[in-house]
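Numbering starts at 1 and runs along the sequence shown. First listed ligand is number 1; within each ligand, the first listed atom is number 1.
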Amino acid sequence: MSLSHSAAWDQFLGLIKDSIGSQSFTTWFKPINPVKLEEQNLLVEVPNTFFSEWIEGHYSVLMDQALLQVLGKNAKLSYAVANGSGDEVIPIPSISGNQVGQSYQKSNLIERYTFENFVEGANNDFARAAAMAVSESPGKTTFNPFVVYGGVGLGKTHLLQAIGNLALREGRLKRVLYVDSQMFTIEFINSIQTNKTTEFSAIYRNVDLLIVDDIQFLINKERTQEEFFHTFNALYNSGKQIVLSSDRPPKELNGIEERLLSRFQWGLVTDIHPPDLETRIAILQQKADENGVDLSGDIIEYIATNVTSNIRELEGSLFRLLAYSSINSQDITFDVAKNVLKNLGLGKNRTIKIEEIQTLVSEHFDLPEDMLRAKTRKKEIAYARQIAMYLSKAMTKSSLKTIGLHFGGRDHSTVIHAIQTIEKESAKEVKTREDLDYLKRKVEMASV
Ligand code: ADP
Ligand code: MG
């Protein structure tokens, strides 16, 4: 039986469709096209690398199952990006890195996590510098173990992997092994069940650099902790480098034995914070560049201002925006960006304050802020004041009376008059429309 690439892809999609929401399906799978099927290798074309990364990151288990059903045991899915100029496609290197040689394959490292694409900011510069130092002389600095902690999505895994990638690339050592502590636990339990604990220990104790991500998952796992304790000692005593991450400071890891906790603090413990606005902008810019997407500065600023929690969310917002624009064949304009992100629930709990509007309006017209509250009727000042009142009504939930109070205790009929004046003016004056448009954006961006 031989299947055409499109028939195989259709069957594959049929299975995926039954298992995920229709919106996710439309967003992530619809835009993908099958290109060819060779043996059991199905090549598909994705709009950009975000797509393949996203679906690999979110649906890999599901996709593996579907692939198995459609194409059998050795089936493989590979991706290519349409290059826009016709039917030529550019293959994306597989993230499991199976062309990169043996040591790589066994390391569990993902090549794309590098120092080069790790954006430096005040939130991570110390951790980054220390990580570089560790990578340059593994096992030879006092940073052993090197422990990075911080909340989700702040770049811990990226940094840990970058250490391993750089050390291998520069040939500073031969054997690197990356695991998260759940993998370590599962493999250890398996080795007990299959009577292979000796082999298990040998693997982990014979590396030059051991990276264990998310050690908080060792909490309350006593036997695994004991095994890890011995692994740690063996490596440490022979001058090998140990790198760890945790979602909290090691001393707060209740449920991990004291003797391990004290060892975690023998070397260097450092943290990563959430990025500030400037760093978020730099990260978005970098992600856009990396993926060949041209986004204007105001869109980047808008996303960076509104997505503040962590870098994974930041990336996620960018992915969705790109997905939306490619599905709907729409260019990413500021308004498209705003709508897409709004539908994601962005900015739901934001409250805009009249004071913020006043600040931005006075900045825009280059006037002292208290002029908006003063009695003067000078033309430019009156205009700025009316604009500010108009925006206060349009963008806050404040009553006319409250707005009047914020503008030097004017009464509500003055506010109504201001709103009507601006409405009329914006119907006939381009300049007024431009002022309003610009200021609305500014206010929206400023209020998080
Ligand atoms: P954590 O392990 O702390 O939960 P990750 O390392 O998985 O976070 O980071 C989440 C995502 O954000 C990854 O795709 C990562 O590449 C990206 N990322 C995090 N920090 C940075 C940074 N400083 N520069 C560029 N990308 C980053
Ligand atoms: Mg992580």
What's the shortest distance from [atom] to any protein heavy atom, and which residue and atom give it?
{"atom": "atom 6 (O) of ligand 1", "answer": "H158 N, 2.8 Å"}
{"atom": "atom 4 (O) of ligand 1", "answer": "G153 N, 2.7 Å"}
{"atom": "atom 11 (C) of ligand 1", "answer": "E315 OE1, 3.7 Å"}

For [X], counting its heavy atoms only, list the atoms of ligand 1 lying under 4.0 Å from any of them.
{"X": "K287", "value": "16 (O), 17 (C), 25 (C), 26 (N), 27 (C)"}
{"X": "V152", "value": "4 (O)"}
{"X": "G151", "value": "3 (O)"}

For ligand 1, does E120 get within less than 4.0 Å through its side chain, its backbone, both, or neither, judged by non-hydrogen atoms?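 It is neither; nothing of E120 touches ligand 1.
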Applying a heavy-atom cut-off of 4.0 Å, say which part of N124 lies close to ligand 1: side chain, backbone, both or neither.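 Near ligand 1, N124 shows its side chain, while the N, CA, C and O stay back.
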For Y113 and N165, what are the C-alpha separation, side-chain angles and deciding distance, and is it a side chain to side chain donor-acceptor pair (under 3.5 Å)? CA-CA 8 Å; Y113 289 127; N165 278 323; over 6 Å; no
Angle between ring planes, F264 versus F228, binned at 30° and 60°: parallel, tilted or perpendicular?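 Rings of F264 and F228: tilted, 30 to 60°.
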Quick one: does [X] get an N or O within less than 3.5 Å of an N or O on ligand 1?
{"X": "Q286", "answer": "no"}
{"X": "I283", "answer": "no"}
{"X": "R112", "answer": "no"}
{"X": "G155", "answer": "yes"}

Assess whether atom CG of D18 is packed by more than 12 heavy atoms of other residues, nucleotides or ligands within 6.0 Å.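 Check passes, neighbour count above 12.
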Y204: partners by ring-ring contact (aromatic ring centres under 6.0 Å, His included), with sequence neighbours left out: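 Partners of Y204 under the ring-ring contact (aromatic ring centres under 6.0 Å, His included) test: F184, F200.
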Of E290, E116, R312, which has the heavy atom at the shortest distance from atom 7 (O) of ligand 1?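 Looking at heavy atoms only, R312 sits closest to atom 7 (O) of ligand 1.
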Measuring from atom 23 (N) of ligand 1, which candidate in N117, L160, I311, V119 has the nearest non-hydrogen atom?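 Comparing heavy atoms across N117, L160, I311, V119, the nearest one to atom 23 (N) of ligand 1 lies in V119.
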Option passing side-chain hydrogen bond (donor to acceptor under 3.5 Å, both in side chains) with D289 (candidates Q286, K287, Q285):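 Exactly one pass, corresponding to Q285.
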Nearest heavy-atom neighbours spanning S309 and P274: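 So the two residues come closest at O-CB, 4.2 Å.
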Check the side chains of Y79 and E56 for a donor-acceptor pair under 3.5 angstrom, ignoring hydrogens and angles.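 A pair is found: one side chain offers a donor N or O, the other an acceptor, under 3.5 Å apart.
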Quick one: name the protein N/O/S atoms under 2.8 Å from the Mg ion (ligand 2), chain by chain.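 Correct list: T157 OG1.
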Cation-aromatic face contact R259/F229, 6.0 Å, 45 degrees: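 So R259 does make the cation-pi contact.
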